[in-house]
Protein chains: 2
Amino acid sequence: MIYVKNRGIFRSSAAALRGNPLQQPVSRPPTKITCSACTLRDLCMPLGLSKGEMIQLEQLSSVKRAFKRGDFLYRNGTPFTSLYAIRMGFFKTQVLHEDGREQVTGFQMAGEVIGLDAISGDVHPCDAIALEDSEVCELPFAQLETLSRELPVLQRHLHKLMSREIVRDQSVMLLLGSMRAEERLAAFLLNLSERYAARGYSPTAFQLRMTRQEIGSHLGLKLETVSRTFSAFQENGLISVRSKSVELIDLPGLRAFFAQQTL
Amino acid sequence: MIYVKNRGIFRSSAAALRGNPLQQPVSRPPTKITCSACTLRDLCMPLGLSKGEMIQLEQLSSVKRAFKRGDFLYRNGTPFTSLYAIRMGFFKTQVLHEDGREQVTGFQMAGEVIGLDAISGDVHPCDAIALEDSEVCELPFAQLETLSRELPVLQRHLHKLMSREIVRDQSVMLLLGSMRAEERLAAFLLNLSERYAARGYSPTAFQLRMTRQEIGSHLGLKLETVSRTFSAFQENGLISVRSKSVELIDLPGLRAFFAQQTL
DNA sequence: TCGGAAGTTTGATATATGTCAAAAATCGTG
DNA sequence: CACGATTTTTGACATATATCAAACTTCCGA
């Protein structure tokens, strides 16, 4: 099998990377698009729609938006209007504690839908930031709700999306609550690996899109611990790391970290 | 203000507590009930329904079930059919890792709806166990979906329930990922306090329904650390603990744990 | 292409929390 | 009501990860 080459294609200015605090979501001329024509449809929208249902789905006035590295897709406190399906690129979501602490709640890639956490409060409870140049498809939630009253398949899909998010979060809780640094990092790498594989990229060689700091924040570790653990994995022949490039050399070995009983 | 006395009323056998591994959800004769007649409606079902909508809601063939302490409401791997609104009592949900590690993902009390995480996989991904004698209202999910296509208020409510669950899980992630033992425990106590207050119980004096072990599992700590931290709080005049009875003496003091910059 | 900023690695040391163990308290059942 | 089981408390000690610091590498824009 040949994998699409998985490298950062876009680079942007450091200013964009740091993110202009006041800037609105970058609005390159938003393009109207239709789900039925989207190549990612299978990942983010329901499968097996009939022709008639497909036509109904067209009613969704989804708009495509582009973001540069460092741009905010949305910000904590911003009014909630839409969900966003990632068409390409890579995002992180983070919650900030008053006192400055931050927790990266997740990393999202193409085909994933983000913003579900904002439904409950009508305001985004976290930030979503592009970690590389990205494109999202904006899905106005009110329309999504209306439409899903007519399309049970869509309704069911929406419910599954939300529920899946809950399950994912619970597995992160398990990770944070009961795993050691090595296990957390192994879990993290294996998770990335699976998700790349599901998208046709190599499951064993990829570029990390996030810093050690961000990985650490997600895994409840300090960046030094992340770095050290990477190094340790490398010494043990499990992976090969060089800054942002990772190669998973011994997948079974990485998986074995879950067998080890620390209790 | 006078609070309802908040004590465990029911006691049951140790056998029940430990939970018979093979036993099905205890089925005291399930009673058919209606949401409109339920005193907890405001907590678990949408507010402000018109008379007509109320009549529609009656279509939900919800059934009341009773559980003894230690009983499983549902089990990891069990087929998903219904959500459960807790009418009274107290539950914990936990995910188990193959290797025996467990993570208590949450504690649920009256008015809360559980089982949302099972929608995505048609199977419950966790266990739900009664921590005291409890009653739930079983809400067949298929009916809930059908009905919510006709009742936008219900649809919206369902979405908010799921989204709220995501937000809650994220705040637990923040807790597990970036707080110290004292902060975690303070957050835990304050959270319980608020939830008791919302139900008309005293926000400052209550019985813990869970063991130190379970608290620790939820907070990513060992039971000894939980116990020690309780003792430390007591020495500092923040709380008074005696086994399962807790009194929060200095709420501002407890809240202050979040101001302290550990970074 | 170069220089400065940001990110990464590694070392030495500190510390919060885990581990092991034993006594004390509490709880539920016979 | 008392006994055994479970849970809680406390102590002594171990250890994983954090902290502080400095050198090194990578990246990006001038």
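If you're wondering where the values come from, they're calculated on a predicted model, not measured in any experiment. Within every chain, numbering begins at 1; the chains are lettered A, B, ... in the order of the sequence lines, protein sequences first and strands thereafter. The figures here come from the full heavy-atom set of this structure, side chains too, leaving out hydrogens, waters and symmetry mates.
Between Arg212(B) and Met179(A), the residue whose closest nucleotide on DNA chain D is further toward the 5' end is Arg212(B). Between Arg184(A) and Ser243(A), the residue anchored nearer the 5' end of DNA chain D, judged by the nucleotide with its closest heavy atom, is Arg184(A).
Between the CZ atom of Arg209(B) and the C1' atom of dC27(C) there is a distance of 15 Å, given to the nearest Å. Whole-Å rounding puts the Phe233(A) CZ to dT9(C) C1' distance at 16 Å. The CG atom of Leu185(A) sits 14 Å away from the C1' atom of dT17(D) (whole-angstrom rounding). One can place CD of Glu214(B) at 12 Å from C1' of dT6(D), the figure rounded to the nearest angstrom. dT26(D) atom P lies 19 Å from atom CE of Met210(A), rounded to whole Å. Summarising the geometry, the separation between NZ on Lys222(A) and P on dC20(D) is reported as 10 Å, rounded to the nearest angstrom. Leu208(A) has its CG atom 12 Å from the P atom of dC27(D), to the nearest Å. Rounded to whole angstrom, the span from the CZ atom of Arg180(B) across to the P atom of dG18(C) amounts to 13 Å.
Nucleic acid contact class of Gly220(B) (heavy atoms, under 4.0 Å, all strands): sugar-phosphate only. Backbone-only engagement by Arg242(A) is indicated by non-hydrogen atom pairs under 4.0 Å involving sugar-phosphate atoms exclusively. Ser227(A) comes within 4.0 angstrom of a base, heavy atoms only. Residue contacts for Leu223(A): at a heavy-atom cut-off of 4.0 Å it reaches a base atom on one of the strands shown.
Close to dT10(C), at under 4.0 Å from its OP1 or OP2, lies a side-chain N or O of Ser231(A). Considering only side-chain N and O atoms, Thr225(B) lies under 4.0 angstrom from the phosphate OP1 or OP2 of dG18(C). In this model, the phosphate group of dT8(D) is approached by a side-chain N or O of Lys244(B) to a distance below 4.0 Å at OP1 or OP2.
Between dG11(D), dT17(D), dT25(D), one nucleotide has an atom nearer to the side chain of Arg228(B) than all others, and that is dG11(D). With distances taken from any side-chain atom of Leu221(A) to the nucleotides dA18(D), dT8(C), dG18(C), the minimum falls on dA18(D). Closest approach to the Glu224(A) side chain among dG28(C), dT19(D), dT17(C) is made by dT19(D) (side chain taken as heavy atoms from C-beta onward).
Atom CG in Asp71(B) sits 12.5 Å away from atom CD in Glu132(B) (nearest 0.5 Å). Separation of atoms SG (Cys126(B)) and CZ (Arg75(B)) is listed at 12.5 Å; rounding is to 0.5 Å.
Using a 4.0 Å cut-off between a side-chain N of Lys or Arg and a carboxylate O of Asp or Glu, Arg101(A) and Glu183(B) qualify as a salt bridge. With respect to the salt-bridge test (charged N to carboxylate O, under 4.0 angstrom), the residues Glu224(A) and Lys222(A) do not qualify.
At a cut-off of 3.5 Å, with distance as the only test, a side-chain donor of Thr93(A) or Gln108(A) sits close to an acceptor on the other residue.
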